[in-house]
Amino acid sequence: MGKRVALVLAGCGVFDGSEIHEASAALVHLSRGGAEVKIFAPNIEQRDVVNHLKGSPTDEKRNVLVESARLARGNIQDLAELKASEFDAVIFPGGFGVAKNLCSWAVDGKNCTVNEQVNSTLQAFHSAKKPIGLCCISPVLAAKVFPGCEVTVGQDKNVDGRFPDAETASAIAELGCKHICKNVNESHVDKGNKIVTTCAFMCKAPLHEIFDGIGTMVQEVLKLA
């Protein structure tokens with residue numbers, strides 16, 4: 001039997017929800033790994049709605065669960081219904097929706113708060129010693145919830161202009177966590193906490209390299225499960 005994995009989304013679209021390519025890559029690699037996947041999202045209002053053509057906010061109101069259903073092809077559940085006992089692992093794709101809807105990192109940085117359901121989900125998997133996979137900006141969730149853990153968001157310096165958000169690594173360190181520098185096609189495994197992270201679109205890289213990096217994260221999560 002394949003591993004049972006919960007995938008948690010934060011909306012639909014890089015600027016106000018889950019990064020679509022990251023979510024899709026995770027699902028493809030999970031499928032290839034023979035995993036049985038169920039998708040969840042919190043039933044809450046988005047912090048904002050961004051016109052992705054113009055890159056600017058609009059006056060619209062949208063719901064995170066409803067928008068995430070686009071990525072899930074309608075097959076999705078309220079995060080409140082997720083029971084860690086029914087799964088072997090959980091994975092969080094990235095996208096600004098993680099930093100806006102799943103926590104307030106986009107506004108408050110290291111002083112952010114984490115959505116209560118997201119927090120309890122992470123705590124439940126961690127307490128059960130089940131692996132947690134995170135990519136792009138979502139490793140900040142682990143950094144906030146699990147002080148002392150090890151994560152990567154890529155590099156801690158803007159090497160060749162490829163890591164424009166490198167200061168995120170410093171903020172993670174200020175939370176008492178250890179940031180591990182990794183390339184886009186790599187992931188880091190915190191074996192003690194069973195947390196697997198990869199930088200994905202925190203690095204300016206060709207899509208196939210981001211896809212491969214997410215693949216290493218998924219593979220490591222399935223190994224730990």
Side-chain angles (χ1 to χ4, degrees), residues 1-8 22-23 25-38 40 82-94 98 102-103 105 110 114 118-157 163 165-166 168-203 209-225:
M1 178 183 287
K3 302 297 172 59
R4 300 164 300 169
V5 180
L7 187 81
V8 180
E22 292 177 9
L27 287 167
V28 170
H29 287 296
L30 285 166
S31 176
R32 182 170 287 147
E36 177 187 338
V37 182
K38 290 190 178 179
F40 298 84
L82 195 164
K83 296 180 177 62
S85 60
E86 297 178 354
F87 294 91
D88 300 304
V90 64
I91 288 177
F92 289 76
V98 172
L102 304 192
C103 71
W105 187 278
K110 69 180 189 298
V114 177
V118 173
N119 191 351
S120 62
T121 296
L122 289 166
Q123 295 282 9
F125 278 86
H126 188 258
S127 296
K129 301 189 185 312
K130 294 180 177 181
I132 299 167
L134 308 119
C135 66
C136 196
I137 192 62
S138 64
V140 302
L141 295 172
K144 189 67 180 182
V145 176
F146 307 118
C149 71
E150 299 176 359
V151 298
T152 188
V153 289
Q155 300 290 321
D156 55 11
K157 294 181 178 61
F163 294 89
D165 301 305
T168 304
S170 299
I172 286 169
E174 289 175 18
L175 286 170
C177 298
K178 186 174 183 180
H179 180 266
I180 309 297
C181 290
K182 290 285 183 177
N183 292 321
V184 67
N185 59 348
E186 299 176 313
S187 56
H188 176 70
V189 182
D190 178 344
K191 294 182 180 178
N193 289 296
K194 289 194 172 182
I195 296 171
V196 187
T197 51
T198 190
C199 69
F201 277 100
M202 294 292 276
C203 176
E209 292 184 9
I210 292 165
F211 182 88
D212 291 346
I214 293 171
T216 68
M217 181 268 286
V218 169
Q219 289 167 18
E220 295 295 341
V221 166
L222 294 178
K223 284 180 189 175
L224 290 172

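In this text, all values refer to a predicted model and were calculated from it rather than measured experimentally. Numbering starts at 1 and runs along the sequence shown.
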Checking [X] side chain against [Y] main chain: does a donor-acceptor pair fall under 3.5 Å?
X	Y	result
His179	Val153	yes
Asp88	Arg4	yes
Lys110	Ile172	no
Lys182	His188	no
Lys144	Val114	no

If you take all heavy atoms of [X] and [Y], which pair is closest and at what distance?
X	Y	answer
Cys177	Ala143	SG-O, 3.4 Å
Ala35	Val5	CB-CG2, 4.1 Å
Val151	Ala142	CG1-CB, 4.2 Å
Val184	Ala200	CG2-O, 3.8 Å
Phe163	Gly154	CE2-CA, 3.8 Å

Measuring only between side-chain heavy atoms, which start at C-beta, is [X] closer than 4.5 Å to [Y]?
X	Y	answer
Cys103	Val118	no
Leu7	Pro93	yes
Leu30	Leu222	yes
Phe201	Glu22	yes

* To do: Just do the side-chain contact (heavy atoms from CB on, under 4.5 Å) check on Asn185 and Thr216 with the steps written out, would you?
  => CA-CA 7 Å; Asn185 59 348; Thr216 68; 6.0 Å; no
[atom1]-[atom2] distance between [X] and [Y], expressed to the nearest 0.5 angstrom:
X	Y	atom1	atom2	answer
Ile132	Asp190	CD1	CG	10.0 Å
Cys199	Leu134	SG	CG	13.0 Å
Trp105	Leu141	CH2	CG	9.5 Å
Glu220	Glu186	CD	CD	11.0 Å
Ile195	Cys149	CD1	SG	4.5 Å
Ser138	Ile91	OG	CD1	10.0 Å

* **Test side-chain contact (heavy atoms from CB on, under 4.5 Å) applied to Thr121 and Phe40, step by step** => CA-CA 11 Å; Thr121 296; Phe40 298 84; over 6 Å; no
* Should we say atom CD of Gln123 is surrounded by more than 12 heavy atoms from elsewhere, each under 6.0 Å from it? -> yes
* Option passing side chain to side chain contact (heavy atoms under 4.5 Å, CB included) with Ile137 (candidates Leu102, Thr168, Asp165) -> Thr168
* Check the pair Lys130, Leu224 against side-chain contact (heavy atoms from CB on, under 4.5 Å), reporting the backbone distance first and the verdict last. => CA-CA 8 Å; Lys130 294 180 177 181; Leu224 290 172; over 6 Å; no
* **Residue pairs fulfilling side-chain hydrogen bond (donor to acceptor under 3.5 Å, both in side chains) with at least one residue in residues 194-203, sequence neighbours excluded** => none
* **Residue pairs fulfilling ring-ring contact (aromatic ring centres under 6.0 Å, His included) with at least one residue in residues 125-157, sequence neighbours excluded** => His126-Phe146
